[in-house]
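A short write-up of the structure that comes next.
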Amino acid sequence: MSTVEPLLQVEDLQVGFKTQDGFVPAVRGVSFDVYPGETIAIVGESGSGKSTTAHAIINLLPGSGKIAGGSVRFEGRDLTKLKRNEMEDVRGKLIGLVPQDPMNSLNPVHRIGFQVEETIRANGLATSKRAVRKRAVEVLKEAGLSDADTRLRQFPHEFSGGMRQRVLIGVGLSSHPKLLIADEPTSALDVTVQKTILDHLESLTAERNTAVIFITHDLGLAAERAENIVVMNRGRIVESGPALEILRNPQHPYTKRLVSAAPSLASTRLGSRSATVGLASSATPAGTPVPPVIEFQDVTKVFKIRTGGPRSIPFTAVDKISFQVPKGSTMALVGESGSGKSTAAKLLLKLEEKTSGKIFVDGVDQDSLDRGKLLEMRRKMQVVFQDPYGSLDPLHNIGNTVAEPLNVHKIGDAASRKKRVLEVLDQVALPTSVVSRYPNELSGGQRQRVAIARALALKPEIVVLDEAVSALDVLVQAQVLELLANLQDELGLTYLFITHDLAVVRMIGDYVSVMQKGAIVEQATVSEVFDSPKQEYTRRLLDAIPGADVDLSA
Amino acid sequence: MFWYIIRRLLQGIPVFLGSTFLIFSMVFLVPGNPVLRMFGDRTPSPEQIAALEAKFHLDQPFLVRYFIYLGDVFQGNLGTTYAGQSVNEILARTFPTTLRLALLAVLIQLIVGVLAGLISGLRKGGIFDHAALIVTLLLISIPVFVLAFVAQWFFGIQLGWFRPTVGSGAPWSDLILPAIVLAALNMAYVVRLTRASVIETSQNDFVRMAYGKGLSRRRVIPVHILRNSMIPVTTNLAADFGILIVGATVTEGIFNVPGVGNELFKAINRHDTPEIVSIVTILVIVYVFVNLLIDLLYGVLDPRIRYVK
Amino acid sequence: MSSKNPVRTAPHFVAEVDEGGLGAVDAVRVSDRKSNLWLDAWRDLRGRWMFWVSAVFILFIVFVALFPTVFTQVPPNDGCILTVQNETQAAELGVPVGTVISDHGPLPGHPLGFTRQGCDVFSRIVHGTGTSLSVGLIVTVIVAVMGIALGAFAGYFGGWIDSFLMRIGDIFFAIPYILAAVVIMSMFLADRNILIISLAIGFFAWPSTARILRSEVLRVKQLDYVMASEAIGVSKLRTMFSHVMPNSLAPVIIISTVGLAGAITAEATLSFLGVGLPANIFMSWGNDIAQAQQSLRTAPQVLIYPSIALSFTVLAFILLGETVRDALDPKARATR
């Protein structure tokens with residue numbers, strides 16, 4: 001076994017980008033080997049240089065990027081020294097690529113068949129028209145797409161994200177390369193789709209003994225899919241080695257932090273009240289003794305979808321959902337994209353009007369509110385959205401942003417408002433100096449904390465968290481979740497927590513409602529759902545959590 | 001695609017009715033007697049007034065007049081000039097020349113514009129790119145009639161490469177200089193738009209994937225970068241065509257090209273309002289029609305548009 | 001775990017901890033620079049020579065337009081002579097009696113020579129500046145007011161109001177605005193003035209501004225901060241003015257600067273065609289260029305000078321528009 005030569009040897013790789021401030025290094029002296037047939041994962045947060053490393057290997061850096069030093073030896077040849085046309089022969093044929101974002105990685109104006117066939121021709125897998133077509137059908141079949149013949153005639157926008165990624169995997173593996181670079185291949189997909197795609201990728205590469213470089217931000221995913229992992233931080237490798245060993249016994253402080261923050265690996269409820277004291281007494285939330293702060297009764301929302309033709313078809317986004325949230329607890333609405341979870345949140349916030357059903361807040365029927373009462377209700381109920389870049393007005397400074405709810409509801413005078421702004425900023429652990437700053441001076445996590453501060457300014461009872469941590473990097477995500485849990489303890493807040501990520505639910509949720517196609521398919525406490533899921537769909541969601549079956553204790 | 005075509009055609013109807021109605025109202029809803037207004041500072045004879053009043057059915061209510069007029073247009077009766085010439089005849093005589101000139105201009109604009117834009121975009125920041133930036137900036141800033149005069153004076157009179165004015169029968173060789181002048185402004189826009197969209201398209205994930213799956217530069221540039229960059233260039237052709245119409249009026253006037261634009265140019269100079277209105281109406285109808293064609297072409301170029309929207 | 005057989009056992013590598021440790025996760029960056037869209041844009045503009053060249057040139061032509069007599073004492077229209085008829089004129093111009101002044105080259109006090117009518121070219125150019133700028137400004141105001149009002153209205157309310165306004169816009173857009181202005185102007189031959197010509201141009205030029213603002217409003221409207229503002233309890237109207245409009249205006253500013261250049265060109269084109277401002281009352285570069293056409297072969301300079309004035313003025317506004325666009329739109333900056 002030791003006689004096997006490495007397929008790829010990356011040695012002291014240095015990559016940087018030309019910017020207005022000069023040459024900014026992005027990868028600083030990275031070295032690792034990939035052996036034939038093995039899967040290696042490069043793990044890191046955004047900006048760690050993991051994708052840049054991958055792109056540097058096949059010389060696909062964006063315009064301003066440049067390899068500044070080091071070597072990339074593939075079967076003995078230094079790829080950094082190859083001429084353009086030599087590199088074109090390596091790409092596709094010897095090293096395949098599966099890109100990050102399936103939605104944008106297929107050219108929208110060409111048919112799927114065209115894009116598969118041009119790959120086959122470019123890599124000389126077939127030449128005659130019929131042979132190319134035949135091979136294209138094979139590629140799609142191998143990628144797991146049924147009725148490949150008709151699929152070839154369709155355009156990318158007629159495909160779902162998962163189907164597009166299958167096509168791209170098929171294309172990446174079509175010429176049986178020796179190495180496949182998979183750059184976050186499933187981060188844009190729903191978890192259940194993610195799992196089947198990765199399983200498929202794994203079986204294809206195992207069959208052909210293809211080596212894989214797997215780029216991911218998810219430590220759990222990396223451990224589940226790769227034998228060896230490389231952990232990167234700020235352009236450097238901080239730790240590398242066998243996956244399980246690193247997970248069980250991380251040495252570097254950064255890796256330790258990353259392992260403890262990974263939601264897919266962690267399993268405890270954050271905050272002082274880790275066992276949902278007093279709430280777990282009853283089996284179902286419906287029968288809890290604490291009066292519900294939020295109650296949905298058979299709430300339905302139907303949208304009219306305009307088709308190309310003259311008619312519009314009704315689309316039931318939320319289908320007769322009912323749930324109750326007791327005071328001071330967290331109800332997590334979990335579902336994949338299109339499950340109706342965000343619409344449900346908007347119905348509660350009255351940002352959308354429901355079609356039928358009843359919503360009660362503090363026992364008050366939301367339909368009975370007049371304008372004044374509605375404003376009062378808005379005071380009690382605040383929201384934090386997903387996108388930290390979109391949720392703050394770039395033209396208002398942080399002080400004004402946080403003060404806006406106080407101004408709208410005419411609370412106190414100028415001095416007391418200012419005091420309150422500083423108070424809530426302190427609660428979300430931001431220095432008071434940020435009041436005069438503008439959103440684009442802050443990082444994503446900081447913006448999200450500003451959004452939380454704005455939500456807290458009015459001392460609400462309910463906070464709707466609509467994918468509030470989904471866009472954040474692992475460490476920052478853990479930090480914000482911690483903050484949310486602490487605030488809940490201190491202020492007795494009730495959370496409606498909307499997420500697609502079941503793993504995060506364990507860290508913040510008390511009750512879970514699993515949504516699928518607009519309906520709630522399972523509803524229970526977090527521990528019940530995690531320990532004994534009743535529904536097949538819930539089980540599939542749980543199964544799909546990457547790294548769930550990685551045993552850390554061994 | 002079917003519903004897309006149907007919808008675009010249906011959307012074309014109100015635009016057609018609305019725009020002709022708008023021109024009609026501009027003429028007949030101005031304060032004062034519209035017939036007298038048409039003569040400006042000249043004094044018409046009572047017969048002329050009577051003839052025009054009868055022609056425009058001034059005794060009828062406004063809306064009725066519009067529909068009579070619309071009916072006339074549909075039957076191909078576009079009225080007469082002051083001098084008593086039939087506008088139909090004028091158009092029949094002049095339209096082919098303008099069509100040839102416009103065709104030549106559009107070809108120059110697209111071929112030179114797209115090519116220069118592509119090179120600029122692929123070699124962003126290079127010498128060619130900088131030169132193209134300066135030249136297009138100048139072409140956008142210089143009004144078409146100034147450009148026409150400068151070209152006429154320099155290439156026609158000083159260098160003698162072209163005839164300064166178009167000879168009888170308007171041979172293709174005489175149309176080259178006016179066509180270049182006519183194409184210049186749009187060409188500058190095409191260069192800039194192509195450049196910008198080539199740069200934007202090149203940054204797309206699918207371009208990286210195209211290289212990643214082993215395609216050569218020679219394949220990726222035309223098939224993935226240029227092809228996609230043509231979509232915004234095509235949609236902008238509609239606006240280009242508006243500029244072309246106005247440009248044709250000026251260019252044909254200056255180079256004495258015997259086309260529709262020249263007729264309009266002369267009519268404006270003569271202050272022959274009935275003829276101006278007739279020709280402008282025809283040009284607007286052509287414009288609406290060309291817009292519709294470009295919209296349909298857009299649907300062909302971008303498969304996404306046929307389904308969504 | 002992977003189903004594959006491991007090829008090797010990789011060594012467990014641990015990097016040394018960096019000097020100064022890892023630092024706190026997500027610490028607030030310490031910087032004194034405040035930044036928001038407008039401040040950033042200004043900082044960006046300050047560093048561009050194209051901005052300063054165009055801005056200084058525009059300030060200069062505004063000054064010329066306001067105070068033409070600082071630059072020339074010669075009247076642009078009165079006292080134009082075709083030939084030198086008496087000794088007084090001869091002494092004044094320094095040429096013998098009988099000299100043809102029409103299309104004559106430069107003479108002392110007349111640096112750019114004379115037009116076909118024997119008027120001073122330099123004086124006509126200086127006095128024409130005001131005409132061009134006033135038309136440009138008035139048209140820009142008309143277009144901006146109509147475009148912003150209708151575009152914002154359509155974008156914010158959506159639904160049938162939006163469809164209706166946008167169809168109206170389509171109709172106006174279907175008539176090239178110079179052609180429309182030709183028709184309007186030929187209906188107002190007897191009483192043409194700066195306001196009429198500005199209205200004639202502006203009345204058909206607003207749809208593109210309205211379209212751009214509408215699409216910006218639609219884009220901003222679905223951003224989370226607008227929804228957040230509504231969830232807080234801010235009224236729709238107040239959200240519109242405090243969040244949506246300020247974030248939608250940048251493209252309108254850009255298109256207005258370029259549009260100002262377009263309006264100046266449009267006025268010159270109309271005057272050139274003969275339906276613009278009457279040459280005997282208003283000094284207009286377009287008119288002068290049209291008149292110079294007759295002497296193109298003999299005295300091209302009569303045509304060249306007003307052409308240069310016109311082109312440079314247009315160029316200055318286009319340059320300004322371009323630099324402002326680059327400064328306001330980071331995406332455009334990247335493609336530059």
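Worth knowing before you read on, the calculation uses all heavy atoms, side chains too, and leaves out hydrogens, waters and symmetry mates. By convention in this document, chain letters (A, B, ...) are assigned in the order of the sequence lines, proteins followed by strands, and residues within each chain are numbered from 1.
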Rounded at 0.5 Å granularity, tell me how far CD1 in Ile142(B) sits from CG in Leu315(C).
8.5 Å

Please report the closest heavy-atom contact between Val284(B) and Pro176(C), naming both atoms and the distance.
CG2-CD, 4.4 Å

Within the supplied structure, the quantity of interest is the number of heavy atoms (other residues, nucleotides, ligands) at a distance under 6.0 Å from Arg123(B) CZ; does it exceed 12?
no

Just so I understand: if I count every heavy-atom pair under 4.5 Å between each of Ser208(C), Ala292(C), Ala268(C), Ala290(C) and chain B, which residue has the most?
Ala268(C)

Could you have a look at Phe317(C), Phe204(C), Phe312(C) and say which one has the most heavy-atom pairs with chain B under 4.5 angstrom?
Phe204(C)

Within a reach of under 6.0 Å around CZ of Phe164(C), are more than 12 heavy atoms found that belong to other residues, nucleotides or ligands?
no

Most contacts with chain B, counted as non-hydrogen pairs under 4.5 angstrom, among Thr265(C), Ile304(C), Ile289(C), Val275(C)
Ile289(C)

Side-chain contact, heavy-atom cut-off 4.5 Å: Ile178(C) with Thr249(B)?
no

Could you check Ile140(B) against Val258(C) for side-chain contact (heavy atoms from CB on, under 4.5 Å), going step by step and ending with a plain yes or no?
CA-CA 10 Å; Ile140(B) 290 171; Val258(C) 177; over 6 Å; no

Could you check whether the rings of Phe145(B) and Phe272(C) sit parallel, tilted or perpendicular, using 30° and 60° as the cut-offs?
parallel

What distance do Met26(B) atom CE and Ile175(C) atom CD1 have between them, rounded to the nearest 0.5 Å?
5.5 Å

Do the side chains of Val150(B) and Ser307(C) get nearer than 4.5 Å, heavy atoms only?
no

CD1-CG distance between Ile268(B) and Leu273(C), expressed to the nearest 0.5 angstrom
4.5 Å

Among the options Val288(B), Leu264(B), Leu17(B), Ile254(B), pick out the one with the most heavy-atom pairs lying under 4.5 Å from chain C.
Ile254(B)

For chain B, the option from Val183(C), Ile168(C), Asp170(C) that forms the most heavy-atom pairs under 4.5 Å:
Val183(C)

Glu322(C)/Leu137(B) under side-chain contact (heavy atoms from CB on, under 4.5 Å): CA gap, chis, key distance, verdict
CA-CA 10 Å; Glu322(C) 296 241 317; Leu137(B) 208 55; 4.0 Å; yes

Under 4.5 Å from a heavy atom of chain B, the part of Ala174(C) involved:
both

Let me know if Ile318(C) has heavy atoms under 4.5 Å from chain B in its side chain, its backbone, both or neither.
side chain

At what distance, to the nearest 0.5 angstrom, does CZ of Arg270(B) lie from OG of Ser186(C)?
12.5 Å

Which one wins on heavy-atom pair count under 4.5 Å against chain C: Val280(B), Ile276(B), Leu22(B)?
Leu22(B)

Surrounding OH of Tyr287(B) (heavy atoms of other residues, nucleotides or ligands, distance under 6.0 Å), is the total greater than 12?
yes

Count the heavy atoms of every other residue, nucleotide or ligand shown that sit under 6.0 Å from CG of Leu159(B), and state whether that count exceeds 12.
yes

Given side-chain contact (heavy atoms from CB on, under 4.5 Å), test Trp285(C) with Val146(B) step by step and report yes or no.
CA-CA 11 Å; Trp285(C) 296 335; Val146(B) 172; over 6 Å; no

If I measure from the heavy atoms of chain B, does Leu319(C) come under 4.5 Å with its side chain, its backbone, both, or neither?
side chain

